[in-house]
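Chain naming here is simple, since letters A, B, ... match the order of the sequence lines and numbering starts at 1 in each. Because the structure is predicted, anything quoted here is derived from the model rather than measured.
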Amino acid sequence: MPAADLLSSQGLRLDGRRPNELRRIRCKLGVFTQPDGSAYLEQGNTKVLAAVYGPHQASKSKMSTEAVVVNCQYSMATFSTGERKNRPRGDRKSQEMSMHLRQALTAAIKTEMYPRSQIDIYIEVLQADGGTYCASVNAASLALIDSGIPLRAYVTACSASLGRQSATHEPLVDVSHIEEAADGVCLTVASLPSTGSIALLEMSNRLHMDHFNIVLTRAMQGCRDIEVILDGAVRQHLAEGWTKQDVITI
Amino acid sequence: MVSHVSIKLASERVNHSVASNNDPPRFYTPGEVITGIQDFMRGHGTYAEDDCLKASVAGVMQKVNKLICIRPLKSRYVGEIGDVVVGRVLEVQQKRWKVDTNSRLDSILQLSSVNLPGGELRRRSEEDEQMMRKHLQEGDLISAEVQNVFSDGSLSLHTRSLKYGKLSQGTLIKVFPSLIKRRKNHFHNLPCAVSVIIGNNGYIWISPHKSDILMEGNKDAIENYEIQPVGKSERETMARVKNCILALVASKMMLDDTSIMFAFEESLKYDNVKELLDPEAMLDVAFLTQHRINIIAEE
């Protein structure tokens with residue numbers, strides 16, 4: 001059920017945002033020189049680094065003759081949350097995250113182009129303030145673009161929750177940590193906004209069937225908004241790194 | 001002991017861009033519609049969906065008649081026959097070596113496509129197979145030429161010339177393959193007594209200059225030469241060339257013998273080689289090099 005105190009009487013959220021307002025997104029492509037592609041993304045106070053290696057020769061046991069093998073590894077830094085804690089890589093939570101990341105990213109990568117190869121995607125959360133999955137997908141999407149791997153379209157992720165203001169229900173986009181912790185519902189969507197297809201859908205907590213559609217629509221709208229922001233960042237990166245010989249036609 | 005340490009704030013980071021101020025071209029990003037599918041051919045970096053031609057990578061469009069390609073700023077090395085590459089031996093297998101050339105799949109060097117030591121031409125016997133590890137070991141660096149590209153995109157290499165083969169003393173730099181200009185010649189003996197192999201795959205090998213007499217000389221002379229220590233001044237020159245290349249790469253400038261030589265000449269005003277690792281010095285060298293290249297281009 002929607003938590004009662006997620007919206008103030010003025011219709012503002014706990015951190016002062018309006019219900020349809022994303023947190024500020026700042027991002028940068030090509031932050032490392034060693035990997036084939038890399039990106040850094042900040043979504044509010046959630047900060048994520050992504051690095052892509054590949055496509056390179058797959059190990060014999062994993063190799064597939066039809067499609068490229070996508071390998072994701074999600075990890076959180078010891079200092080990423082309020083409580084300092086050593087987080088081993090193979091724990092259940094990060095394994096689940098890695099699996100979900102792989103599902104979303106495989107939907108975007110044109111996997112059939114590169115048989116017998118493998119793409120490794122490493123995600124490191126530097127600071128977690130809710131929506132780490134969304135930030136990870138968005139950062140990985142940028143890193144893949146930076147590495148020059150063919151994609152069908154941008155893949156972006158966004159979360160949404162439901163708040164109540166007097167009698168009406170209002171969906172909230174881009175859930176932060178305090179809203180997650182307030183025991184509200186949290187719907188996470190990873191989608192390819194330009195085609196409108198959904199790559200992953202996940203919900204925590206119970207939500208009444210009547211409200212599901214408005215929450216989903218709000219999350220999808222968030223994905224489209226994020227795509228616009230990422231696209232702007234990619235274009236700016238291209239404008240900086242562009243060399244004259246790129247445009248010469250034969 | 002006094003040591004010089006410079007720590008910079010992230011906000012004071014040097015912007016390495018030296019690009020000339022012409023208008024940027026039109027950029028395409030993944031999923032963007034380029035044109036309707038009718039009467040256009042689909043090239044690299046594009047795909048067809050819903051009767052539209054869409055981009056699958058972020059970059060600029062290259063159009064040859066009806067063929068449309070999108071070229072990304074950087075990608076893995078895509079080999080072409082005749083390319084000069086520098087690679088590292090990963091594995092010794094039966095009758096062939098696996099070589100890492102920064103391409104999508106590991107490249108193959110057949111035993112039958114190397115020159116045997118001693119230079120004799122004959123069928124490869126079983127003995128030769130057993131001697132393979134003596135010839136090239138795991139971890140060895142080689143220069144080679146692309147002999148063939150297989151249907152899955154993996155490369156077959158050959159070293160059937162005296163200029164190719166095992167690399168002994170020198171340094172390797174890895175850059176993005178898109179920064180290498182395709183040229184007739186990729187082996188350069190720079191006037192500063194350093195030879196450079198600019199591999200098409202983005203691996204650059206810098207080594208002390210080998211005199212031509214030695215190249216043609218007998219096997220023992222070459223082997224003796226390989227194990228001799230390299231003098232300090234030669235090592236410094238090599239380090240300078242390396243730092244110059246790093247400066248050009250940081251500013252995303254194309255690499256060939258002219259640009260490397262220009263950068264080297266411009267860098268001579270910094271007496272100490274390690275000063276070239278300073279971001280401001282790197283930008284300065286790159287900027288002056290770009291300026292000289294522009295002058296040549298105008299002439």
Side-chain angles (χ1 to χ4, degrees), chain A residues 28-30 33-37 52-58 63 65 68 108-110 112-119 141-142 144-156 192-195 227 230-250, chain B residues 15-17 19-20 22 24-33 44-47 49-50 54-65 67 69-76 90 98 100 102-107 152-154 174-176 178-179 181-182 246 249-254 297:
Chain A
K28 201 172 172 224
L29 281 82
T33 50
Q34 190 62 30
D36 292 279
V52 172
Y53 292 83
H56 60 84
Q57 180 99 34
M63 193 189 284
T65 45
V68 66
I109 299 170
K110 290 182 72 64
E112 69 282 3
M113 304 262 298
Y114 295 135
R116 297 175 54 217
S117 308
Q118 169 181 346
I119 298 173
S141 185
L142 287 179
L144 284 170
I145 289 170
D146 182 45
S147 68
I149 291 170
L151 305 179
R152 285 189 182 82
Y154 283 93
V155 55
T156 56
L192 279 67
S194 62
T195 58
E227 189 199 20
L230 298 191
D231 192 54
V234 169
R235 279 172 199 280
Q236 201 195 340
H237 176 72
L238 286 174
E240 281 165 10
W242 156 76
T243 48
K244 220 183 213 171
Q245 62 98 41
D246 285 330
V247 273
I248 296 172
T249 47
I250 312 128
Chain B
N15 180 10
H16 280 285
S17 158
S20 35
N22 7 3
R26 168 103 164 80
F27 297 120
Y28 290 87
T29 52
E32 191 175 344
V33 175
H44 290 294
T46 62
Y47 69 102
E49 198 183 68
D50 310 334
K54 291 181 177 179
S56 65
V57 295
V60 286
M61 181 166 76
Q62 291 184 328
K63 200 168 159 189
V64 185
N65 295 328
L67 179 71
C69 303
I70 303 289
R71 204 187 118 105
L73 283 195
K74 60 183 187 195
S75 67
R76 285 254 158 171
L90 292 174
K98 281 264 166 131
D100 161 43
N102 193 30
S103 82
R104 201 162 58 67
L105 296 167
D106 292 341
S107 308
D152 63 352
S154 60
K174 295 180 180 179
V175 306
F176 295 120
S178 53
L179 291 175
K181 255 184 201 162
R182 277 212 160 75
L246 291 180
V249 169
S251 298
K252 301 207 174 61
M253 286 172 61
M254 298 300 289

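Looking only at heavy-atom pairs under 4.5 Å with chain A, the residue among Val249(B), Asp106(B), Asp50(B) that has the most is Asp106(B). Ranked by heavy-atom pairs shorter than 4.5 Å toward chain A, the options Asp100(B), Val57(B), Asn102(B), Ile70(B) are led by Val57(B).
One N or O on the side chain of Tyr47(B) and one on the backbone of Arg152(A) form a donor-acceptor pair closer than 3.5 Å.
Within 6.0 Å of CD on Gln34(A) lie no more than 12 heavy atoms contributed by other residues, nucleotides or ligands.
Heavy atoms closer than 4.5 Å to chain B are found in the backbone of Thr33(A), but not in its side chain. Contact annotation for Thr46(B): neither backbone nor side-chain heavy atoms come within less than 4.5 Å of a heavy atom of chain A. Using a 4.5 Å cut-off between heavy atoms, Tyr28(B) touches chain A through its backbone atoms (N, CA, C, O) alone. Contact of Asp152(B) with chain A is made through the side chain alone, with heavy-atom distances under 4.5 Å. Residue contact with chain B, scored on non-hydrogen atoms closer than 4.5 Å, involves the backbone of Ile149(A) exclusively.
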Checking Arg235(A) against Thr29(B) for the side chain to side chain donor-acceptor pair (under 3.5 Å) test, could you report, in this order, the C-alpha distance in whole Å, the side-chain angles of both residues, the deciding distance, and whether it holds? CA-CA 8 Å; Arg235(A) 279 172 199 280; Thr29(B) 52; 3.3 Å; yes
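Considering all non-hydrogen atoms of both residues, Ala58(B) and Leu238(A) come closest at O-CD2, 3.9 Å.
The shortest side-chain heavy-atom distance between Arg104(B) and Arg116(A) does not fall under the 4.5 Å cut-off.
The OG atom of Ser56(B) sits 10.5 Å away from the CD1 atom of Ile145(A) when rounded to the nearest 0.5 Å. Atom-to-atom distance recorded for Ser154(B):OG and Gln57(A):CD is 8.0 Å, nearest 0.5 angstrom. With rounding to the nearest 0.5 Å, the separation of CD in Glu32(B) from OG in Ser194(A) is 10.0 Å.
Here the rule is side chain to side chain contact (heavy atoms under 4.5 Å, CB included) with Pro30(B), and of Asp231(A), Leu151(A), Leu192(A) only Leu151(A) fits it.
A salt bridge links Lys74(B) with Asp146(A); the closest basic N to acidic carboxylate O contact falls under 4.0 Å.
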